[in-house]
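Structure record follows, encoded as structure tokens.
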Amino acid sequence: MIKKVILLGFSVLWAFSAPSWAEEKIGDCLACHQKDTPGIFKSWVNSKHHNSAVDCITCHKSHEEARPKKSTVEPHVCAQCHAKQFEQFQKGRHSVTWDRMKEHRQYQILPDPLKKALCERCHNIQNKCNGCHTSHAFRPEEAKEPEACKKCHTGMAGPHDEMYASSIHGTIYASEKDAKRAPTCATCHMYKGTHNSSFGVIYDSLGEAVDKSGKPLSPQDQEKIRQPLVKEVCHQCHIPDLTLERFELADQVKKEARKVLMEAEKTIRDLETEGVLPKGVTLGQGQLYEGTSRIESLYYRMFQFHNVYAWKGAYHFSADFAHWYGWAHLQMSLIEIKEEARKLRELAKGKK
Amino acid sequence: MENWSKRLVILFLSLGLITCAGSPPKQSENKIDPGICMGCHIERTPGLFQSWVESKHAQNGVNCVTCHTDHEAAYGSKAMVFPEKCGECHGKELKEFQKSRHSIAFERMRIQGEYLGIPQGIRSQFCERCHIVEKRCNSCHASHDFSAKAAREPEVCGNCHLGPDHPHKEMYESSLHGIVYKLSQDPDRAPRCVTCHMPGGTHDSSFGIAQGPVGTRAEVVDLKENPISDEDKHKRREEMIQICMACHSRRFASEQLVNADQIKEEAFKLQEKGKEVIRGIDKEGLLYPPLSERSPHPTEGRQLVLADPQLYIGTSHIERLFFTMFKFHNIRVWKSGYHFSPAYIHRYGWFEMQMDLIDIQDEAQKLKAIFKKNVQPKGKGEDRP
């Protein structure tokens with residue numbers, strides 16, 4: 001506490017005496033914000049930014065400019081100092097999340113207030129570095145912890161946090177808290193601090209091998225992307241044979257899961273052909289979770305949740321997700337879809 | 001930082017070499033000198049090397065070849081070191097381990113119908129990843145520092161003991177025991193998994209378990225799958241009560257455990273209701289696909305299997321509804337009874353079982369209403385082709 005008071009005193013003194021800034025402006029900010037938003041002020045005072053003379057107006061420009069866009073500071077502003085990180089960031093999928101979301105039909109038909117509270121809360125990472133480096137401390141140490149990724153990478157659509165936590169990697173890290181003993185998310189996905197979080201990753205969220213603009217990756221490209229992850233990261237602790245075997249096994253899980261998914265799709269397409277379902281049913285990519293038939297909604301769960309758990313669980317070495325939440329649920333959903341198809345057929349017969 | 005750790009490594013290495021030169025370890029004759037391993041592995045697998053350097057093993061002169069024997073042997077078995085090897089030094093622990101269900105985990109898995117129903121190529125990504133505990137001590141004592149301290153943390157048990165089919169981790173975390181431990185990080189304040197299941201550091205993790213240790217079965221069995229005697233049951237219960245008595249009175253502890261026994265009975269009674277409905281549907285010939293058109297169960301043949309070892313693949317929907325009821329929800333009810341998690345006994349367990357029963361009854365009604373006209377009910381004795 002005393003330390004904080006001293007720091008605060010010093011920083012205020014410093015803030016008012018440092019000649020390198022536009023004194024009046026920072027003084028203007030602090031005059032109110034020290035009282036009005038003491039939390040923000042304190043985290044800034046204790047930050048590296050503060051120590052390096054980066055203040056409110058360095059990033060927010062001026063009060064007038066900050067207000068209309070609700071004070072959001074976009075990545076290109078951060079890039080004025082952190083150019084390398086910005087360049088890396090733009091190579092990864094994080095840099096297209098907002099655009100992709102905007103194109104998605106499910107997003108487009110959501111009521112406006114829901115859009116904000118639901119999708120945008122995570123997909124805005126394209127527009128703000130403080131999605132991970134939280135304001136106003138912006139500490140890299142915090143951003144490296146698995147919890148920082150968890151804010152978005154958790155829950156039904158992408159339980160990466162849960163997969164990691166139930167893998168041997170996550171287990172060791174949880175019990176020993178030592179990133180040299182076992183990898184964190186950043187160890188593999190942001191190797192050596194790269195801000196290209198798609199490092200080593202071949203697939204998009206639905207398991208398609210495409211680049212960040214959606215263009216298919218050739219098998220050679222895929223190999224080129226995976227190799228650095230395998231060689232530089234996995235090999236720190238694992239011998240090459242074992243590492244490759246693990247990845248190949250995960251590839252196989254992905255293939256087997258896709259087969260189950262295809263069988264379900266065929267069951268529904270057959271109904272379409274027979275005239276039991278109307279023509280033009282959307283399955284998989286672009287499918288909505290509202291206003292469809294029940295059999296389509298069963299498929300939605302399969303492709304959006306269970307299939308993803310099976311294959312992503314395998315790449316994260318979580319048997320619990322790959323098997324129970326993934327594979328077993330895929331199989332159980334397939335049973336349900338087949339039964340639903342049979343009932344629909346029988347009921348349609350009655351109508352004829 | 002990196003420089004610092006490299007220096008430390010070199011220091012340790014040279015200390016190691018000095019020690020080796022002074023008093024050669026027993027196994028150095030005819031075996032690869034550890035220096036040869038390290039020559040490559042310090043570069044190739046630095047993480048692995050670093051954790052060994054920091055381990056008790058390194059301090060006590062246990063190096064690569066002590067456990068992996070030599071490069072060729074290690075290669076062949078993909079570098080796996082089996083418990084018998086660890087038992088050469090840790091004899092007491094191995095003996096205790098062999099009394100536990102951990103020691104038959106792989107064997108039991110290999111004859112399980114569910115396992116056999118999974119495409120062979122991917123089994124190792126699923127079941128084997130945990131059931132391998134029979135064959136490797138480093139399931140809990142993670143390579144290569146094999147820390148005993150770390151292995152005592154609930155997170156380590158949670159690596160396998162979690163998820164839909166046996167959420168021990170989640171039950172513990174939502175129990176008062178788990179919450180107090182999380183807040184205090186002090187095993188004297190509240191028990192961790194090992195406090196009750198491996199007291200005094202025993203490696204017999206089946207210690208004190210007096211009720212149905214095997215997944216979804218009601219009865220308690222020994223390692224050879226024979227039901228245990230009442231006397232044995234009583235002895236095990238008494239052992240567990242002794243653990244509880246570190247904090248609770250005998251009366252309170254035994255009351256809680258008896259209450260859990262009663263919860264278990266109720267859950268199995270409820271499960272029977274689900275079975276009855278499905279047996280009725282089977283009698284009326286309404287199961288789809290019919291048993292005669294399915295590939296036979298890998299261990300039970302062509303018959304209706306309800307509860308263990310029921311499959312989640314290729315059954316009728318009404319059976320699949322029952323699968324969820326017995327495999328996920330019943331287990332949560334009764335196991336949470338013993339782990340004192342009201343959320344898992346009630347919301348995730350009992351509540352879900354009741355909802356399952358509604359679904360099963362509703363499905364039965366629909367099957368009758370939609371398909372009954374098409375099929376002839378089975379006569380007695382016809383339901384087992």
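Naming: A, B, ... by sequence-line order, numbering from 1 per chain.
- Proximity to chain B is absent for every atom of A:F321, based on heavy atoms less than 4.5 angstrom apart.
- Of the listed residues (A:I168, A:I172, A:L334), the greatest number of heavy-atom pairs within a distance under 4.5 Å of chain B belongs to A:I168.
- Ranked by heavy-atom pairs under 4.5 Å with chain A, the first of B:R129, B:E114, B:E153 is B:R129.
- For the set A:K255, A:E340, A:R246, A:E248, the entry with the most heavy-atom pairs within less than 4.5 Å of chain B is A:R246.
- Salt bridge A:E223/A:K231: absent, no basic N to carboxylate O contact under 4.0 Å.
- Proximity to chain B (any heavy atom under 4.5 Å) is shown, for A:A250, by both the backbone and the side chain.
- Taking chain A as the reference chain and counting heavy-atom pairs below 4.5 Å, the highest number among B:H41, B:E363, B:E43 is found for B:E363.
- Under the 4.0 Å criterion applied to side-chain N and carboxylate O atoms, B:K135 and B:E128 are not assigned as salt-bridge partners.
- Heavy-atom pairs under 4.5 Å with chain B were tallied for A:G313, A:S166, A:A174, A:P240; the largest tally goes to A:S166.
- For the pair A:R294 and A:E336, the salt-bridge criterion is met [side-chain N within less than 4.0 Å of a carboxylate O].
- Heavy-atom pairs under 4.5 Å with chain A peak, among B:L162, B:L367, B:V156, B:L321, at B:L162.
- For chain B, the nearby part of A:E256 is the side chain; its heavy atoms alone come within less than 4.5 Å.
- In this structure, A:R301 places its CZ atom where only 12 or fewer heavy-atom neighbours from other residues, nucleotides or ligands lie under 6.0 Å away.
- Proximity to chain A (any heavy atom under 4.5 Å) is restricted, for B:S147, to the side chain, taken from C-beta onward.
- Using a 4.5 Å cut-off between heavy atoms, A:H329 touches chain B through its side chain atoms alone.
- Taking the six-membered ring for Trp and thresholds of 30 and 60 degrees, B:F126 and A:W327 have ring planes inclined between 30 and 60 degrees apart.
- For B:T324, the part sitting under 4.5 Å from any heavy atom of chain A is the side chain, from C-beta outward, and nothing else.
- Under the 4.0 Å criterion applied to side-chain N and carboxylate O atoms, B:E173 and B:K182 are not assigned as salt-bridge partners.
- Across A:Q236, A:Q331, A:E176, the residue that shares the most heavy-atom pairs under 4.5 angstrom with chain B is A:Q236.
- With chain A as the partner, the residue from B:S143, B:C130, B:P154, B:G117 showing the most heavy-atom pairs under 4.5 Å is B:S143.
- A salt bridge is defined here as a Lys NZ or Arg NE, NH1 or NH2 lying under 4.0 Å from an Asp or Glu carboxylate O, and B:K366 with A:E339 fails to meet this definition.
- Between B:E352 and B:R332 there is no salt bridge, since no side-chain N of the basic residue sits under 4.0 Å from a carboxylate O of the acidic one.
- Chain A forms the most heavy-atom pairs under 4.5 Å with one residue out of B:G121, B:C127, B:S139, and that residue is B:G121.
- A salt bridge links A:K338 to A:E263: one of the charged nitrogens lies within less than 4.0 Å of a carboxylate oxygen.
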